Amino acid sequence: MKPALLALDRIRTDGGTQSRAKLSDDAIDDYAQRYTDRADMDPVVAFYDGKDHWLADGFHRHMAARKAGRPTIAVDVRQGTQRDAILYSVGANATGRAVHRSNADKRRGVMMLLRDEEWSAKSDRWIAKTCAVHHDMVANGRRQVADSATWQPEKRQGQDGKRYPTKPAKKP
């Protein structure tokens, strides 16, 4: 499917879909120069809910296009909601991208899901698979959330789809 060309201003970047801990100014500058030089760039990924296009992957490219003065950007538009964009975002850039995820980026993605009432009820392995991280990172994040949270889900959904009582988080 051919990417759509959308105005930068039509793409929402303010909905909590950015899962990186920090954007790289060097990458933005490099990409902006590539846009200025008219180099081919991969399209960004956005989810369209019938009203808004939620950016899920390509925040560096989006900012670089704006910096380069481009009014539009190529977008791989997928049908879905803001929450679909968040789920896609936490696992984006796991492989094959110029700006690799840092450990802080991975932790931020995990914590975004663990702080969500619906997604925190999923198993550590489901969250790990979604975020493209090891399940131990999720377990460590879950302990941090449990130490600071006022609520925990009563049950978590396992990989098998069954619901299991939540065990109290183990203290390190």
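Values in this document were obtained by computation on a predicted structure and should not be read as measured data. Residue numbers count from 1 along this sequence.
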Candidate pair Leu114 and Ile127, rule side chain to side chain contact (heavy atoms under 4.5 Å, CB included), full reasoning: CA-CA 8 Å; Leu114 289 175; Ile127 293 171; 3.5 Å; yes

Minimum heavy-atom distance Pro3-Asp76, with the two atoms named: CB-N, 4.4 Å

Atom of Arg61, atom of Pro43 and distance for their closest heavy-atom approach: NH1-O, 2.7 Å

Gap between atom CD of Gln82 and atom OG of Ser89 - 0.5 Å precision: 11.5 Å

Donor-acceptor pair, side chain of Asp84 and main chain of Thr81, under 3.5 angstrom: yes

Stepwise side chain to side chain contact (heavy atoms under 4.5 Å, CB included) test for Asp57 and Val44: CA-CA 6 Å; Asp57 180 25; Val44 300; over 6 Å; no

Note, Tyr48 side chain near Arg78 side chain (heavy atom, < 4.5 Å): no

Interatomic spacing from CZ in Phe59 to CD1 in Ile11 - rounded to 0.5 Å: 10.0 Å

Student check: side-chain heavy atoms of Gln33 and Thr36 closer than 4.5 Å: yes

Under 3.5 Å: donor-acceptor pair, side chain of Asp30, backbone of Asp26: no

Short N-O contact, Asp105 and Arg107, less than 4.0 angstrom: no

OG on Ser102 to CZ on Arg20, rounded to 0.5 Å: 7.5 Å

Derivation of the side chain to side chain contact (heavy atoms under 4.5 Å, CB included) call for Leu87 and Leu113: CA-CA 8 Å; Leu87 277 182; Leu113 298 190; 3.8 Å; yes

Considering all heavy atoms, the nearest Lys51-Asp49 contact: N-OD1, 2.9 Å

Step-by-step side chain to side chain contact (heavy atoms under 4.5 Å, CB included) determination, Thr72 to Leu6: CA-CA 5 Å; Thr72 60; Leu6 291 179; over 6 Å; no

Test: Lys67 and Asp29 ion pair at under 4.0 Å: yes

Met63 atom CE, over 12 foreign heavy atoms within 6.0 Å: no

Minimal non-hydrogen separation, Trp54 against Gly15, with atom names: CZ3-CA, 3.6 Å

cation_pi(Arg83, Trp119) dist<6.0 Å, angle<=45: yes

Test salt bridge (charged side-chain N to carboxylate O under 4.0 Å, His left out) applied to Asp124 and Lys129, step by step: CA-CA 9 Å; Asp124 287 0; Lys129 183 177 179 182; over 6 Å; no

Side-chain heavy-atom pair Ile73, Met41 within 4.5 angstrom cut-off: no

Heavy-atom check, side chain of Arg38 versus side chain of Arg70, under 4.5 Å: yes

OH-OG1 distance between Tyr88 and Thr130, expressed to the nearest 0.5 angstrom: 13.5 Å

Closest approach of Leu5 to Ala74 (non-hydrogen atoms, all atoms of both residues): CD1-N, 3.8 Å

Atom pair NZ (Lys106) and OG (Ser19), whose distance is rounded to the nearest 0.5 Å: 12.0 Å

Min side-chain heavy-atom separation His60-Ser24 under 4.5 Å: yes

Donor-acceptor contact present, side-chain Thr17 to main-chain Ala56, <3.5 Å: no

Least distance between heavy atoms, His53 atom then Val77 atom: CD2-CG1, 4.1 Å

Side-chain heavy-atom pair Leu23, Gln18 within 4.5 angstrom cut-off: yes

Interatomic distance, His62 atom NE2 to Arg12 atom CZ [nearest 0.5 angstrom]: 11.5 Å

